[in-house]
Visitor: 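Below are the structure tokens for one structure; questions will follow.
We're numbering straight along the sequence, starting at 1.
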Amino acid sequence: MNPEAHEQYLKALKAGQKYYKAAVSRGEYPYPPVLDDILTPDALAGYVDLGLTNIPADRIVGTKSAGRSAALAGNFMPLLGADSEFAGKWMHLCDAHLGDEGIRDPIRCFEYFGRFYVAEGNKRASVLKSYEAPTIPALVTRAVPRWSEAADVQLYYEFMAFYALSGLYGVDFRRPGSYARLQAALGVEPDHVWTEEERRSFRAGFSRFEDAVRRLHPGETDVTAAEALLVWLQVYGFTELKALPLPELTKKLGSIWPDVLASADDDAIDLNTVPADKDRSLLSKIRGVVHADHLRVAFLYTLPPEISAWTRAHDEGRAALAESLGTQVDIRTYLAADRDYAAAIDKAADDGAELLFATTPDMLAACRRAAVRYPKLRFLTCGLSQPYTGVRMYYSRLYECKFITGAIAGAMAENGLLGYVANYPIVGLPASVNAFALGARLTNPRARVLVAWSCVPGDPVKELIDRGATVISNREAESPQNVRRSFEIGTYKLLEGGSLQPLAAPLWNWGRMYERIVGSVFSGVWDDIAKSRAVNYWWGMDSGVIDVRFAPDLPDGMRTLGEILKDGILRGSLDPFRTRILDQDGVLRNDGERGFTPEELMTMDWFCQNVEGRIPAFDELRPVSRELVRVLGLYRDELPPETEAKQL
């Protein structure tokens, strides 16, 4: 007998006995689990022969039947003495492994939920695992669980579809849709069948990535390597992953690790609903800036203010910031030609920017990549509900204003039919529609709110008029200046002859938001927030970043009502959603004893009972609307991902 084989058995025996004792002390089963004890006839849909393949050794977790499983500990290391028959056969196989021939015969095993249970070849598997072989050749039969709505079953069915294309084991996700997103991120179509070269390329790169994850976090982590890879591919490329030396790869992975953790945490978003520096002096506790009394601020635009009302509103906010803080800020604007956001951000960074406002949600991806390159530059993107630690989001609680305009609309609609032009099916939108409907119900219990969408083909205003609406809530105003330009925005009443009677309009005061955020940098509040959290600013009327403007000729009673409701919201004594609410299906959503949390309002995806309309499907949207919905959409995680440039 080869002395090395004997020595290897003693080493493996020690590892098996250690595992056994630790499991017993914890009250756990110390042997490999038995698949026959796990499976029940009604749990299986059937069996599929996968043929001969190399399986990850670390996925071999148990045996098909009880047999002699007591000879092995749960880590597949031996438990019987070195003079036993089992040990002799084990060492004989070890001799073969060390010789020229090696262990030639594949093991036979069953795969169930991505884990393997050995039917023939327990000792072969034990020997190879003792040498830390990464893969073991095996004839595999898959035990397919019966379909159900259980999350683990749905995810496993997604894995089986992915395996049919890629032939890969060891790529573990815990959220539905992740396998399709991986295909897209790697640049292959949803139904693309991987070539052997692509499999080898991925295995080589993914193995290095797993090494980087283990080096960065030697123990257990809260995410799988595949989940971390998805976040990596949003910032870097797969080609770069393979080219980087392992220490540099580990360092770069560490720079985005907070985002990796946030992506796996359902509660990763720190929803900031009140400016933390309301009562602090702008220049108190100055820290975290290069110049104690000065800050360089950049604004990133998609279109010039002269041709875009949205950009013009943000540019007016920029001007208000400049007027408010004067020489304390050096403000520059950057127009991204052809949406080349990366180049515009690079220019801002070269110019010494310390704080950058990206004014449209589609800039988020570029900001995320740039945040890694420029760790000292603070990034904010206009939008909501994004779990990224390197880029903060900012938006306002529009639903507060919609409740007030809805109450006025309900009182002014003699026939009780109100129209609502909704722009995009994005986070926060249903809360605005429902707040408008609840406001209308407050003043007109018979009010019905008819919803039409501007993001689908057709004329939403004409559609609402044809359905009988006499008061319409159209686009909200981006700024006070835009309100003065046109009152086809906001809420208005349709008069005989086709003229409009303006009633009220929600409006953003971006300048107030920019002043408060810049003030938080000066006061140190910005740096007080943990960098491991994804910060989303979602401020309301009490912060001054959003308001309601009443039309000059609004009836006095309606103006008084609006002021009363506004005062209640500002004081916090009025919550539009603290009332009994049924949805369109008659399901009780609120018994009136509580309000909704900010998180519930942000992610609301249903309409109140007095709303007529539905949320459009993604394929119903105009192509120009789909990019925004991919970033901020209510069901963005369920959308088929867009295929990137091929990286394998």
Visitor: For L244, does its backbone N or O pair with a side-chain atom of R208 as donor and acceptor, under 3.5 Å?
Guide: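 Between the backbone of L244 and the side chain of R208 there is a qualifying donor-acceptor contact (under 3.5 Å).
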Visitor: Does a side-chain N-to-carboxylate-O contact under 4.0 Å join R175 and E227?
Guide: no
Visitor: Does NZ or CZ of R142 fall inside the cone over Y163's six-membered ring, less than 6.0 Å from its centre and within 45° of the axis?
Guide: yes
Visitor: Parallel, tilted or perpendicular: which fits the ring planes of F159 and Y169, with parallel below 30° and perpendicular above 60°?
Guide: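 Geometry flag for Y169 against F159: tilted rings.
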Visitor: Answer yes or no: is there a donor N or O on one side and an acceptor on the other, between the side chain of D338 and the main chain of D340, under 3.5 Å?
Guide: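 Absent.
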Visitor: Check whether R622 reaches the backbone of V456 with its side chain - one donor and one acceptor, N or O, closer than 3.5 Å.
Guide: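 Flag set: sc R622 to bb V456 pair under 3.5 Å.
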Visitor: Using every non-hydrogen atom in the two residues, find where V171 and A226 come nearest and quote the distance to one decimal.
Guide: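 Answer, listing the atom of V171 first, then A226: CG1-CB, 3.7 Å.
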Visitor: Quick check: are there more than 12 heavy atoms from other residues, nucleotides or ligands sitting under 6.0 Å from CZ of R26?
Guide: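 Yes.
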Visitor: Counting N and O atoms only, with roles assigned by atom type, does the side chain of Q17 sit under 3.5 Å from a partner on the main chain of K14, one being a donor and the other an acceptor?
Guide: no
Visitor: Side-chain contact test, heavy atoms from C-beta onward, threshold under 4.5 Å: evaluate it for F113 versus V144 and give yes or no.
Guide: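 Contact flag for F113/V144 side chains = no.
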Visitor: Can you tell if the side chain of Y236 reaches within under 4.5 Å of the side chain of I256, non-hydrogen atoms only?
Guide: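 Yes, at least one pair of side-chain atoms sits under 4.5 Å.
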Visitor: With rounding to the nearest 0.5 Å, note down the distance linking SG in C367 to CG in L356.
Guide: 6.0 Å
Visitor: Cation over ring, K64 on Y117, under 6.0 Å and within 45°?
Guide: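 No cation-pi geometry.
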Visitor: Quick check: closest heavy atoms across P190 and L165, and the distance to 0.1 Å?
Guide: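 So the minimum-distance heavy-atom pair works out to O-CD1, 3.2 Å.
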Visitor: Test your reading of the model: is there a side-chain donor-acceptor pair from N536 to the backbone of Q386, 3.5 Å cut-off?
Guide: yes
Visitor: Between D42 and R146, does any NZ, NE, NH1 or NH2 come within less than 4.0 Å of an OD or OE carboxylate oxygen?
Guide: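 The answer is no: the pair does not qualify as a salt bridge.
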Visitor: Between L634 and I426, is the side chain to side chain contact (heavy atoms under 4.5 Å, CB included) condition met? List the steps.
Guide: CA-CA 5 Å; L634 289 166; I426 59 177; 5.8 Å; no
Visitor: Go through it in stages, so that I can follow the logic: the residues are Y112 and F110, the test is ring pair (Phe, Tyr, Trp, His ring centres under 6.0 Å), and I'd like the CA-CA distance, side-chain angles, deciding distance and then a yes or no.
Guide: CA-CA 7 Å; Y112 185 60; F110 285 76; over 10 Å; no
Visitor: Does any non-hydrogen side-chain atom of E120 lie less than 4.5 Å from one of D105?
Guide: no
Visitor: Once you round to the nearest 0.5 Å, how far does OG1 of T389 lie from CG of D259?
Guide: 3.5 Å
Visitor: Would you call W90 and D95 a side-chain contact if the rule is heavy atoms closer than 4.5 Å?
Guide: no
Visitor: When the aromatic ring centroids of Y374 and F379 are compared, is their separation below 6.0 Å?
Guide: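 Here the rings of F379 and Y374 have centres that are no less than 6.0 Å from each other.
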Visitor: Run the salt bridge (charged side-chain N to carboxylate O under 4.0 Å, His left out) check on E4 and K11 step by step: do they pass?
Guide: CA-CA 10 Å; E4 186 177 340; K11 179 181 176 182; over 6 Å; no
Visitor: Between W194 and Q183, does any side-chain donor sit less than 3.5 Å from a side-chain acceptor?
Guide: yes
Visitor: With a 3.5 Å cut-off and sequence neighbours excluded, list the donor-acceptor pairs that the side chains of residues 129-139 form with protein atoms.
Guide:
| from | atom 1 | to | atom 2 | distance (Å) |
| --- | --- | --- | --- | --- |
| K129 | NZ | A57 | O | 2.8 |
| S130 | OG | Q8 | NE2 | 3.1 |
| S130 | OG | V127 | O | 2.6 |

Visitor: For the backbone of D172 and the side chain of T224, can you confirm whether one donor and one acceptor N or O come within less than 3.5 Å of each other?
Guide: yes
Visitor: Can you name the nearest heavy-atom pair linking S126 to P78, along with the distance?
Guide: OG-CD, 3.8 Å
Visitor: Kindly determine whether R199 and E196 satisfy salt bridge (charged side-chain N to carboxylate O under 4.0 Å, His left out), including the steps that lead there.
Guide: CA-CA 5 Å; R199 273 191 290 273; E196 182 57 36; 3.2 Å; yes
Visitor: Within a radius of less than 6.0 Å around CG of D350, do more than 12 heavy atoms belonging to other residues, nucleotides or ligands occur?
Guide: yes
Visitor: Hey, does T302 have a side-chain heavy atom less than 4.5 Å from the side chain of S308?
Guide: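 Not touching, per the 4.5 Å side-chain cut-off.
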Visitor: Strictly under 6.0 Å, is that where the ring centroids of F238 and F206 end up?
Guide: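 No, too far apart.
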Visitor: Do the two ring centres, one from Y395 and one from W538, sit under 6.0 Å apart?
Guide: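 Ring centroids of Y395 and W538 are no less than 6.0 Å from each other.
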Visitor: Output, in order, the C-alpha distance, side-chain angles, deciding distance and verdict of salt bridge (charged side-chain N to carboxylate O under 4.0 Å, His left out) for R373 and D346.
Guide: CA-CA 9 Å; R373 298 198 307 274; D346 287 342; 2.8 Å; yes
Visitor: I'd like to know if the side chain of S625 reaches the main chain of L621, judged simply by a donor and an acceptor atom lying under 3.5 Å from each other, with no hydrogens or angles considered.
Guide: no
Visitor: Please determine if R392 forms a cation-pi arrangement with Y537, meaning its NZ or CZ atom is less than 6.0 Å from the six-membered ring centre and no more than 45° off the ring axis.
Guide: no
Visitor: Drop me the distance from L229's CG to L233's CG, to the nearest 0.5 angstrom.
Guide: 4.0 Å
Visitor: Kindly determine whether E354 and K376 satisfy salt bridge (charged side-chain N to carboxylate O under 4.0 Å, His left out), including the steps that lead there.
Guide: CA-CA 7 Å; E354 298 162 286; K376 294 184 179 180; over 6 Å; no
Visitor: Has S201 got a side-chain atom pairing as donor or acceptor with E197's backbone, closer than 3.5 angstrom?
Guide: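 Pair absent, no side-chain N/O of S201 close to backbone of E197.
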Visitor: Taking all heavy atoms of A5 and all of L98, pick out the closest pair and write down the distance.
Guide: N-CD1, 4.3 Å
Visitor: Are Y179 and F173 an aromatic pair, judged by ring center distance below 6.0 Å?
Guide: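 Yes: the rings meet the under 6.0 Å criterion.
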Visitor: Can you tell me how far the CE atom of M160 sits from the CD atom of E111, to the nearest 0.5 Å?
Guide: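 Taking CE in M160 and CD in E111, the distance rounds to 8.5 Å.
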Visitor: Mind checking whether I55 and V140 have side chains closer than 4.5 Å, heavy atoms only?
Guide: yes
Visitor: Within the 4.5 Å heavy-atom criterion, are P106 and T53 side-chain neighbours or not?
Guide: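 Answer no - side chains too far apart.
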Visitor: Please find out if less than 6.0 Å separates the ring center of Y341 from that of Y334.
Guide: no
Visitor: Looking at W232 and L249, what are the two nearest heavy atoms and their distance?
Guide: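 What the structure gives for the nearest pair is CH2-CD1, 3.4 Å.
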Visitor: Under a 3.5 Å threshold, yes or no: a donor from one side chain and an acceptor from the other, between N423 and S454?
Guide: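 The answer is no; no qualifying pair exists.
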Visitor: Looking at CG of D37 and OG1 of T63, how far apart are the two atoms once the value is rounded to the nearest 0.5 Å?
Guide: 8.0 Å
Visitor: What are the two closest non-hydrogen atoms of M602 and L271, and how far apart are they?
Guide: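 Where M602 meets L271 most closely, the heavy atoms are SD-CD1, 3.9 Å.
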Visitor: If you round to the nearest 0.5 Å, how far is OG of S65 from CG of L35?
Guide: 9.5 Å
Visitor: Tell me, please, which residues at least two apart from R214 pass salt bridge (charged side-chain N to carboxylate O under 4.0 Å, His left out).
Guide: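 Here the qualifying residues are D211.
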Visitor: Under 6.0 Å from the ring centre and within 45 degrees of the ring axis: does the NZ or CZ of R368 meet both conditions for the six-membered ring of Y388?
Guide: yes
Visitor: Just so I know, are the side chains of M77 and L13 near enough to count as touching, which here means a heavy-atom distance under 4.5 Å?
Guide: no
Visitor: List for me each residue that meets side-chain hydrogen bond (donor to acceptor under 3.5 Å, both in side chains) alongside T141, sequence neighbours excluded, and say none if there are none.
Guide: none
Visitor: Might you work through the side chain to side chain contact (heavy atoms under 4.5 Å, CB included) test for L300 and F357, ending with a clear yes or no?
Guide: CA-CA 6 Å; L300 185 58; F357 291 104; over 6 Å; no
Visitor: If we ignore hydrogens and angles and just use 3.5 Å, is the side chain of E198 paired with the main-chain N or O of T195 as donor and acceptor?
Guide: yes
Visitor: Within the distance-only criterion (no hydrogens, no angle test), does the side chain of S263 pair as donor or acceptor with the backbone N or O of V260 below 3.5 angstrom?
Guide: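 Yes, S263 side chain to V260 backbone: donor-acceptor pair under 3.5 Å.
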